Asks: 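Take a look at this one; I'll ask things after.
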Amino acid sequence: QWMLRITDYADRLLEGLDDLDWPESVKAMQRNWIGRSEGAEVDFGIVGFPEDRIRVFTTRPDTLFGATFMVLAPEHPLVEKITTEAQRGAVDAYREEAARKSDLERTELQKEKTGVFTGAHAVNPVNGKKIPIWVADYVLATYGTGAIMAVPGQDERDWAFAETFGLPIVRTVQPPDGFDGTAYTGDGPAINSDASDRAIPGIAERGANLNGLHVAEAKAKIIEWLEAEGVGHARVNYKLRDWLFSRQRYWGEPFPIVFVDERPVLVPEEDLPVTLPDLEEFKPSGSPEGPLALAEDWLHTVDPETGKPARRETNTMPQWAGSCWYYLRYIDPHNDERLVDPEKEKYWMPVDLYIGGAEHAVLHLLYARFWHKVLYDAGVIATPEPFGRLIHQGMILGEMEYTAYVDAGGTYVSAEHVAEDIDTRTGLPVRPKLVAEDRVAKRGDVFVVKDAPEIRVDARAHKMSKSRGNVVNPDEVIAQYGADAFRLYEMFMGPLEQVKPWSTRGVEGTFRFLNRAYRLLVDEDSGELNPSVQEAEPTKEQLRMLHRTIQKVTDDVEGLRFNTAIAAMMEFVNAANKWDVLPRAVAEPFVLVLSPFAPHLAEALWQRLGHAETLAYAPWPEVVEEYLAEETVEIAVQVNGRVRGSIAVPADAEKAAVLAAAKEDENVARHLDGKTLRREIYVPGRIVNFVAN
RNA sequence: GCCGGGAUGGCGAAAUGGUAGACGCAGCGGACUUAAAAUCCGCUGGCCGCAAGGCCGUGCGGGUUCGAGUCCCGCUCCCGGCACCA
């Protein structure tokens, strides 16, 4: 098997996240996946086995005095050796049972802790105390050292185990007053943590003393002690594992490796790439090797150096071998000399905006960062991170569904009594039943069956899935409404990153909008340019509307707020529909801002406007600030923070004039009547607030 | 349990600390039509009121502020991820 040593990059993959413009959720997932934790490794002696040590990893070395027993994973190599004859039968049985269980079975159910005593004892290095060594499957062989010191006083899991098997519990961190829980994992002064009055045979002249120190200080002090006495050291541990990169299948890049006398040899660069042989049969070979083992002609080759017979590696690489660097190669796909030309890489990299699904958070998006850093270290590329800004588009769910529940007898069961298709009152199964939208009504915060208002229904949109039967096929939507309306609807539904339920009626809305935009410029009967489109001078109102739209769309595209950009264009079309004359100088820029959203329609409109060339090369319309200015503005007038009126004033009106006008508003005057004015607040162009009592 | 993100009309949503609900869907009323579809116009958070207007309202409870959907503190629920990681 071939592994990639991604663990060497753990810290850099972690640190690199800080400067990326990525969603917090993905950063959190990657941090969690890498799973860095700081602590210490500590060696415990074993009574009767002076040559052996049990090494543990702990993030709480400050609690060493509270270690009242040890636990080894069932797979730990020392279990066999240290188990006493009296305990051997029980231990072997436990290990066999653990081996039979899947990982899921071992962890899934948060059931009672299980375990078995080995009969052996360890020596706690900080105080010389003998503590029993147990075997339990709550300790994972694959994390840390596969062995733990159990500190029930400060660890929930160890507490549960100690309770189950009647093992001693010693608190070594003073819980706060009134604490009535089990294990205490918070901060506090160390207690019961002084062994400085005695020697620890074979380890130290005097034991350690942490009493009174808080967690952080205690950790530092005990690590110092452990290092001084040679029984432990500071250590950083990761959840991240090295990356198994071999697959026993045909489709995949072959490893450029041949075996000569059973030893792997790199295929020289001039013989690269190693390509797949043509095969008739892609099924598993019947051996642990993949189907390539059956390609005899390809399999057997010679060592280019010595001419000795050689056998090719039959594993292939997984799909990541391509997806981890395609974005680099796409920059310069025909380059025979290098992966990518440095000049081109400098121009394009890093990727400015990566829009993709959240399902790649700890796979592709972590692996690609790793490869990128390897290539960076190798001097092949010049950027340490591949993707600057990352956005996850929210999933589109199926249409909203109203689900009622019926029991075996066909009687409705109100949704609040149902959990996982079980009536929680009777324990009997119920089955979900879809209810049409017009048969439900909202009562307060919940939906109920219209004819039976005491029966609640679940109102929820679900992930599209074949099994649920709520998949919307884009081809059908496009066939009915066109690609422009379909795309526009997807952008109009809501914020890009949000999960949103699909609504075919919603598509009709954007479809209608596009039709209105079309009729704005095209005469439906003749198919020619609408006579209202003229070479006329635009009015101030038209220019204001147009430029407001250009500004809004431009800003919103920049900020990926497509939904509000589309709303602005809808407002433009609604306003323009009321105009008798649509000056060409207004119509053309509008078509241009519409074009990225509805390219087909916009192109057709552009043609009707008399352009022989595509609009793709026309410059994006510029906002002219002076057209945006309004002559009069509406200002809300509040009295004590409540809106009591609204006045229209010239946009450049002085504060005094605005306040005077505000006081004249009939309703405002009424609310001020008989009160003393304490304060007058004026936010230009927005609001007046009179504080009075 | 831990981490991340949410909660605003019947629904999808909008709102630099400044008139909550823009825009769209659905609904209601009207125009056009023999009729329907399409289209166009108007209304549309709740309650009270003939009206003018008033009261309430952005998950819940507090707070800061002239003013809070927005800021702060404490919760609840929902979604996503991780989960015996020592």
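Reminder, nothing fancy here: chain letters follow the sequence lines and each chain counts from 1. What you are looking at is a predicted structure, and each value in this text was computed from that prediction instead of being measured.
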Asks: Mind listing the side-chain donor-acceptor pairs of residues 485-496 of chain A below 3.5 Å, one per line with the distance, residues two or more places apart or on another chain?
Replies:
residue, atom, partner, partner atom, Å
A:Arg487, NH1, A:Asp484, OD1, 3.3
A:Tyr489, OH, A:Ser503, N, 3.2

Asks: Return each pair, listed once, that meets salt bridge (charged side-chain N to carboxylate O under 4.0 Å, His left out) where at least one residue sits in residues 673-685 of chain A; pairs must be two or more places apart or across chains.
Replies: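 Passing the test, one end in residues 673-685 of chain A: A:Lys663-A:Glu680.
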Asks: Please determine whether a side-chain nitrogen of the Lys or Arg among A:Asp458 and A:Arg460 lies less than 4.0 Å from a carboxylate oxygen of the Asp or Glu.
Replies: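 Result for this pair is no, no salt bridge flagged.
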Asks: Which nucleotide sits closest to the side chain of A:Leu140: B:C56, B:G12, B:A86?
Replies: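 In terms of side-chain proximity for A:Leu140, the closest of B:C56, B:G12, B:A86 is B:A86.
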Asks: If only side-chain N and O atoms of A:Arg642 are considered, is one of them under 4.0 Å from the OP1 or OP2 phosphate oxygen of B:C56?
Replies: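 So the side chain of A:Arg642 is within the cut-off, an N or O lying under 4.0 Å from OP1 or OP2 of B:C56.
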Asks: In whole angstrom, what separates A:Glu508's CD from B:A37's C1'?
Replies: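 Going from CD in A:Glu508 over to C1' in B:A37 covers 12 Å.
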Asks: Indicate, with a heavy-atom threshold strictly under 4.0 Å, whether A:Arg241 touches base, sugar-phosphate, or nothing.
Replies: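 No contact.
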Asks: Write down the distance separating the C1' atoms in B:C72 and B:A83, rounded off to the nearest Å.
Replies: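 That atom pair is separated by 32 Å.
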Asks: Go through B:A86, B:C66, B:C84 for me and flag the one nearest to the A:Thr59 side chain.
Replies: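 Nearest to the side chain of A:Thr59 among the choices is B:A86.
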Asks: What distance separates A:Ser465 OG from A:Asn470 CG, expressed to the nearest 0.5 Å?
Replies: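 So the OG of A:Ser465 and the CG of A:Asn470 are separated by 5.0 Å.
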Asks: Is the shortest distance from a Lys or Arg side-chain nitrogen in A:Asp43 or A:Arg55 to a carboxylate oxygen in the other one below 4.0 Å?
Replies: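 Salt bridge between A:Asp43 and A:Arg55, a charged N being under 4.0 Å from a carboxylate O: yes.
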Asks: Does the distance from a Lys or Arg side-chain N to an Asp or Glu carboxylate O, for A:Glu38 and A:Arg36, drop under 4.0 Å?
Replies: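 Looking at A:Arg36 together with A:Glu38, the answer is yes, because their closest N to O distance falls below 4.0 Å.
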Asks: Taking the same atom, P, in B:U44 and in B:C23, what whole-Å distance lies between them?
Replies: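 To the nearest whole Å, 12 Å.
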Asks: Pull up the glycosidic torsion of B:G9 and say syn or anti, syn being anything within 90° of 0.
Replies: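 That one's syn.
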Asks: Is the NZ or CZ atom of A:Lys113 positioned over A:Tyr138's six-membered ring, under 6.0 angstrom from the centre and within 45° of the axis?
Replies: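 Yes, a cation-pi geometry holds between A:Lys113 and A:Tyr138.
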Asks: What integer distance in Å separates A:Asn515:CG from B:A38:P?
Replies: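 The answer, rounded to whole Å, is 12 Å.
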Asks: Between A:Phe44 (CZ) and B:A86 (C1'), how many Å, whole number?
Replies: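 About 12 Å, once rounded to whole Å.
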Asks: Quick test of your reading of the model: are A:Glu399 and A:Arg505 salt-bridged, counting only N-O distances below 4.0 Å?
Replies: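 So A:Glu399 does not pair with A:Arg505 through a salt bridge.
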Asks: Between B:A37 and B:A52, how many Å separate the two C1' atoms, rounded to a whole number?
Replies: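 Looking at atom C1' only, B:A37 and B:A52 are 43 Å apart.
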Asks: So what does A:Arg678 touch, heavy atoms closer than 4.0 Å: a base, only the sugar-phosphate, or nothing?
Replies: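 Contact class for A:Arg678: none.
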Asks: Distance check needed: B:C82 P versus A:Tyr143 OH, whole Å only.
Replies: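 After rounding, the reported distance stands at 18 Å.
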Asks: State whether A:Asp18 and A:Arg31 are salt-bridged, where the test is any N-O pair (Lys NZ or Arg NE/NH1/NH2 against Asp/Glu carboxylate O) under 4.0 Å.
Replies: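 Result for this pair is yes, salt bridge flagged.
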Asks: Quick one: look up who B:C75 pairs with, Watson-Crick or G-U, both distances under 3.5 Å, and put none if it's unpaired.
Replies: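 In the structure as shown, B:C75 has B:G59 as its Watson-Crick or wobble partner.
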Asks: Does a nitrogen or oxygen in the side chain of A:Arg679 sit under 4.0 Å from OP1 or OP2 of B:G67?
Replies: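 Negative; the distance criterion is not met.
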Asks: Report which part of the nucleic acid A:Arg36 touches: base, sugar-phosphate, or nothing (heavy-atom distance under 4.0 Å, all strands).
Replies: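 Contact class for A:Arg36: none.
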Asks: If I pick the P atom on B:A22 and the same atom on B:C73, what distance separates them, to the nearest angstrom?
Replies: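 Straight-line distance between the two P atoms is 32 Å.
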Asks: Between atom CH2 in A:Trp502 and atom P in B:A26, what is the gap in whole Å?
Replies: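 In whole Å, B:A26 P and A:Trp502 CH2 are 14 Å from each other.
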Asks: Got a sec, which residues hit side-chain contact (heavy atoms from CB on, under 4.5 Å) with A:Ala361, two or more places apart in sequence or on another chain?
Replies: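 With sequence neighbours excluded, A:Ala361 shows a side-chain contact (heavy atoms from CB on, under 4.5 Å) to A:Val26, A:Met29, given in chain and number order.
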Asks: All N/O contacts under 3.5 Å from nucleotides 1-11 of chain B to the protein, with atom names and distances to one decimal?
Replies:
residue, atom, partner, partner atom, Å
B:G4, O2', A:Ser25, N, 3.3
B:C11, OP1, A:Lys442, NZ, 3.0

Asks: Scan every strand shown for a Watson-Crick or G-U wobble partner of B:U70, both distances under 3.5 Å, and answer none if you come up empty.
Replies: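 Answer to the pairing question: none, since B:U70 forms no Watson-Crick or G-U pair.
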Asks: Using the C1' atom on both, measure B:C47 against B:G9 and round to a whole Å.
Replies: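 It works out to 15 Å between them.
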Asks: When the distance from CG of A:Leu365 to C1' of B:G81 is rounded to whole Å, what number comes out?
Replies: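 After rounding, the gap between these two atoms is 14 Å.
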Asks: Tell me: CG of A:Asn640 to C1' of B:G67, nearest whole Å?
Replies: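 Taking atom C1' of B:G67 as the reference, CG of A:Asn640 is at 10 Å.
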Asks: In whole angstroms, how far is the P atom of B:A86 from the CZ atom of A:Phe69?
Replies: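 These atoms are roughly 17 Å apart.
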Asks: Is there a Watson-Crick or G-U wobble partner for B:C23 with both distances under 3.5 Å, and if so, which one is it?
Replies: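 Pairing partner, where one exists within any strand: B:G12.
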Asks: Would you tabulate the nitrogen or oxygen pairs shorter than 3.5 Å linking the protein to nucleotides 16-23 of chain B?
Replies:
residue, atom, partner, partner atom, Å
B:U16, O4, A:Arg686, NE, 3.3
B:G18, N2, A:Gln638, OE1, 3.4
B:A22, O2', A:Glu571, OE2, 3.4

Asks: Counting the atoms with a prime plus P, OP1 and OP2 as sugar-phosphate, which does A:Asn577 contact under 4.0 Å by heavy atoms, base, sugar-phosphate, or nothing?
Replies: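 A:Asn577: no heavy atom of the nucleic acid under 4.0 Å.
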Asks: Take atom C1' in B:C60 and the same atom in B:A7, then report the distance between them in whole Å.
Replies: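 Those two atoms are separated by 11 Å.
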Asks: Does the structure show a Watson-Crick or G-U wobble partner for B:G42, both distances under 3.5 Å? Name it, or say none.
Replies: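 Check on B:G42: paired to B:C28, both distances under 3.5 Å.
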Asks: Scan A:Arg512 against the nucleic acid and name what it touches under 4.0 Å (heavy atoms): base, sugar-phosphate only, or nothing.
Replies: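 Sugar-phosphate contact only.
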Asks: Determine the interatomic distance between P on B:G30 and the same-named atom on B:G49; round to the nearest Å.
Replies: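 Pairwise P distance, B:G30 against B:G49, rounds to 25 Å.
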Asks: Within the structure shown, what part of the strands sits under 4.0 Å from A:Ser37 by heavy-atom distance: base, sugar-phosphate, or nothing?
Replies: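 Sugar-phosphate: the residue A:Ser37, judged by heavy atoms under 4.0 Å, touches backbone atoms but no base.
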Asks: Are A:Arg670 and B:A52 close enough that a side-chain N or O sits under 4.0 Å from OP1 or OP2?
Replies: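 It does not, given that no N or O in the side chain of A:Arg670 lies less than 4.0 Å from OP1 or OP2 of B:A52.
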Asks: RNA chain B: A:Tyr138 or A:Arg505, which has the more 5' nearest nucleotide?
Replies: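 Closer to the 5' end of RNA chain B: A:Arg505.
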Asks: Do A:Leu167 and A:Trp134 touch side chain to side chain, with heavy atoms closer than 4.5 Å?
Replies: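 Yes, side chains in contact.
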Asks: Suppose you measure atom P in B:A15 against the same atom in B:G59; what distance do you get, rounded to whole Å?
Replies: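 Comparing P positions in B:A15 and B:G59 gives a spacing of 16 Å.
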Asks: Looking across every strand, which nucleic acid part, if any, lies under 4.0 Å from A:Pro23 by heavy atom: base, sugar-phosphate, or nothing?
Replies: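 No contact.
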Asks: Tell me which pairs pass salt bridge (charged side-chain N to carboxylate O under 4.0 Å, His left out) where either residue lies in residues 550-576 of chain A, with sequence neighbours left out.
Replies: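 Listed by first then second residue: A:Lys552-A:Asp556, A:Asp556-A:Arg561.
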Asks: Is there a Watson-Crick or G-U wobble partner for B:A37 with both distances under 3.5 Å, and if so, which one is it?
Replies: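 Result: none.
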Asks: In Watson-Crick or G-U wobble terms, both distances under 3.5 Å, what is the partner of B:G80?
Replies: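 B:G80 is paired, partner B:C3.
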Asks: Inspect the contact between A:Asp665 and A:Arg644 and indicate whether a charged nitrogen and a carboxylate oxygen are less than 4.0 angstrom apart.
Replies: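 So A:Arg644 does not pair with A:Asp665 through a salt bridge.
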Asks: Using a 4.0 Å heavy-atom cut-off, does A:Val637 contact any base of the nucleic acid, only the sugar-phosphate backbone, or nothing at all?
Replies: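 Nothing, no nucleic acid heavy atom in range.
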Asks: So what does A:His462 touch, heavy atoms closer than 4.0 Å: a base, only the sugar-phosphate, or nothing?
Replies: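 No contact.
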